[in-house]
K.L.:
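Pasting a structure below so you can have a look.
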Amino acid sequence: MFPANILRGFSLEIIAKDIDRLEDVAPLLARGTQISITSLGNEDAGQRVRAARRIRDLGFVAVPHIAARRVTSEAELAGIIDAFGQAGVDSCLVIAGDLPRAVGPYDDALAIIQSGLLEEAGFRRVAVSGYPEGHPHISDPVLMRSLRDKLDALGRAGIEPVVMTQFGFSADPILAWVARLRRDGFAEKIRIGVPGPASLRTLLRFAAQCGVGASTKVIGKYGLATTQLLKTAGPDVLVQDLSNGLERAHERDVAIHFFPFGGLAKTLEWIESARAAYG
Ligand SMILES: NC(=O)C1=CN([C@@H]2O[C@H](COP(=O)(O)OP(=O)(O)OC[C@H]3O[C@@H](n4cnc5c(N)ncnc54)[C@H](O)[C@@H]3O)[C@@H](O)[C@H]2O)C=CC1
Ligand SMILES: Nc1nc(=O)c2c([nH]1)NC[C@@H]1CN(c3ccc(C(=O)N[C@@H](CCC(=O)O)C(=O)O)cc3)CN21
């Protein structure tokens, strides 16, 4: 049984070119839904700023990604933050960015936060990353240390922090990671990355692209493969197990962040059916 709350307050992620699809599904989304805008590195800043403005005009909250290692200078960072500010954005996710080395002065997400430019621009909410199953190139102690440093820096700047996790397919490591954070005194809101319904092939492709461990076997367990023929699966089992585990842990500050790898419409259909089935 999904208690309604695990599906309440969910957030979504799109790429800037998906903005027309978001307009199609907008009637199904609650006002104020947080919509992240992935930083792919192959699109121009203007496209992402325009997407952010349309997200706001649709009544949602745009949360663009700022990838530290792709920013060439402090002037460019100031320009990016100002352009999003002009589009009514007051939230963002700050990540290092997948480049092996920074092209400019910012090696990691902390450096962006410590620039003070988000605070000066009046950003109210900043998300940072979390890795329930670790990171292929970053050790666990470094991940936990940098998470602590980022959250402390946001606290000092008076900015509301959110931890948004890398997506995964199994609930157990995610639940164990949430319990560990809470034991270690991290009280911040957490948004758990969940892949929306997609073909097994698509899910494997994105997992490989994003450095997420996955196999047909693992993905097969994440969801009820809706049809063996199409080999598509939705996150039924993952969300059910997360819901049960979070209920048992009396967790109230955890929500779901959907990655619609199979398309926005499919993800919204899945959410509607899950809500109808589980109240
Ligand atoms: N675009 C997205 O939605 C997401 C991207 N990522 C990727 O995960 C990686 C880590 O980003 P954050 O969690 O923001 O880390 P971070 O910026 O908080 O850095 C944490 C520590 O790891 C080091 N580090 C960062 N990226 C690294 C890399 N690719 N290889 C080796 N060391 C690295 C940093 O120097 C720092 O010491 C980045 O490659 C980022 O692009 C992670 C989640 C989501
Ligand atoms: N390490 C890491 N790097 C990332 O870039 C990353 C993560 N993790 N975690 C999840 C998010 C989600 N990401 C993505 C990346 C691509 C699409 C996507 O829709 N790509 C389309 C079109 C690409 C294009 O037009 O260039 C595709 O079909 O690949 C979606 C989410 C990137 N993200």
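First listed ligand is number 1; within each ligand, the first listed atom is number 1.
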K.L.:
Which N/O atoms of ligand 2 sit under 3.5 Å from a protein N/O, and at what distances?
P.N.:
{"from": "ligand 2", "atom 1": "1 (N)", "to": "Asp98", "atom 2": "OD1", "distance (Å)": "3.1"}
{"from": "ligand 2", "atom 1": "1 (N)", "to": "Cys210", "atom 2": "O", "distance (Å)": "3.4"}
{"from": "ligand 2", "atom 1": "3 (N)", "to": "Asp98", "atom 2": "OD1", "distance (Å)": "3.4"}
{"from": "ligand 2", "atom 1": "3 (N)", "to": "Asp98", "atom 2": "OD2", "distance (Å)": "2.5"}
{"from": "ligand 2", "atom 1": "5 (O)", "to": "Asp98", "atom 2": "OD2", "distance (Å)": "3.1"}
{"from": "ligand 2", "atom 1": "8 (N)", "to": "Gln166", "atom 2": "NE2", "distance (Å)": "2.9"}
{"from": "ligand 2", "atom 1": "9 (N)", "to": "Gln166", "atom 2": "OE1", "distance (Å)": "2.9"}
{"from": "ligand 2", "atom 1": "25 (O)", "to": "Lys17", "atom 2": "NZ", "distance (Å)": "2.7"}
{"from": "ligand 2", "atom 1": "26 (O)", "to": "Asn42", "atom 2": "ND2", "distance (Å)": "2.8"}
{"from": "ligand 2", "atom 1": "28 (O)", "to": "Arg205", "atom 2": "NH2", "distance (Å)": "3.1"}
{"from": "ligand 2", "atom 1": "29 (O)", "to": "Arg205", "atom 2": "NH1", "distance (Å)": "3.1"}

K.L.:
Is any NZ, NE, NH1 or NH2 atom of the basic residue among Asp57 and Arg53 found under 4.0 Å from an Asp or Glu carboxylate oxygen of the other?
P.N.:
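Salt bridge absent between Asp57 and Arg53.
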K.L.:
Non-hydrogen atoms of Gly97 versus ligand 1: any pair closer than 4.0 Å?
P.N.:
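The answer is yes, since Gly97 has a heavy atom less than 4.0 Å from ligand 1.
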K.L.:
Report the member of Pro100, Ala96, Pro136 with the shortest heavy-atom distance to atom 14 (O) of ligand 1.
P.N.:
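Looking at heavy atoms only, the winner is Ala96.
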K.L.:
Just to confirm my output: which protein heavy-atom neighbour is closest to atom 30 (N) of ligand 1, and how far is it?
P.N.:
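Here the closest protein heavy atom is His137 CB, 3.7 Å.
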K.L.:
Please report which non-hydrogen protein atom sits nearest to atom 28 (C) of ligand 1, along with the residue it belongs to and the distance in Å to one decimal place.
P.N.:
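Its nearest protein heavy-atom neighbour is Arg69 NH1, 3.6 Å.
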K.L.:
Is Arg125 paired with Glu188 through a side-chain N to carboxylate O contact shorter than 4.0 Å?
P.N.:
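No, no charged N to carboxylate O under 4.0 Å.
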K.L.:
Starting from atom 42 (C) of ligand 1, which protein heavy atom do you reach first, and at what distance in Å?
P.N.:
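Going atom by atom, the protein heavy atom closest to atom 42 (C) of ligand 1 ends up being Tyr131 OH, 3.0 Å.
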K.L.:
Salt-bridged, Glu247 to Arg252, with N to O below 4.0 Å?
P.N.:
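A salt bridge links Glu247 with Arg252.
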K.L.:
Using the side-chain contact (heavy atoms from CB on, under 4.5 Å) definition, which of the options Val49, Ile19, Leu22, Ile35 pairs with Arg54?
P.N.:
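For Arg54, the side-chain contact (heavy atoms from CB on, under 4.5 Å) check succeeds only for Ile19.
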K.L.:
Can Arg145 be said to touch ligand 1, with heavy atoms closer than 4.0 Å?
P.N.:
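So Arg145 does not count as touching ligand 1.
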K.L.:
Heavy atoms only: which of Val212, Asp149, Asp98, Ile113 is nearest to atom 39 (O) of ligand 1?
P.N.:
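Nearest heavy atom to atom 39 (O) of ligand 1 lies in Asp98.
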K.L.:
For Thr38, is the nearest heavy atom under 4.0 Å from an atom of ligand 1?
P.N.:
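It does not; every heavy atom stays at 4.0 Å or beyond.
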K.L.:
Could you pull out, from Leu143, Asp108, Val128, the option with a heavy atom nearest to atom 19 (O) of ligand 1?
P.N.:
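Going through Leu143, Asp108, Val128 one by one, Asp108 has the nearest heavy atom to atom 19 (O) of ligand 1.
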K.L.:
Which residue and atom name correspond to the protein heavy atom nearest atom 1 (N) of ligand 1, and how close is it?
P.N.:
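The answer is Ile95 CD1, 3.3 Å.
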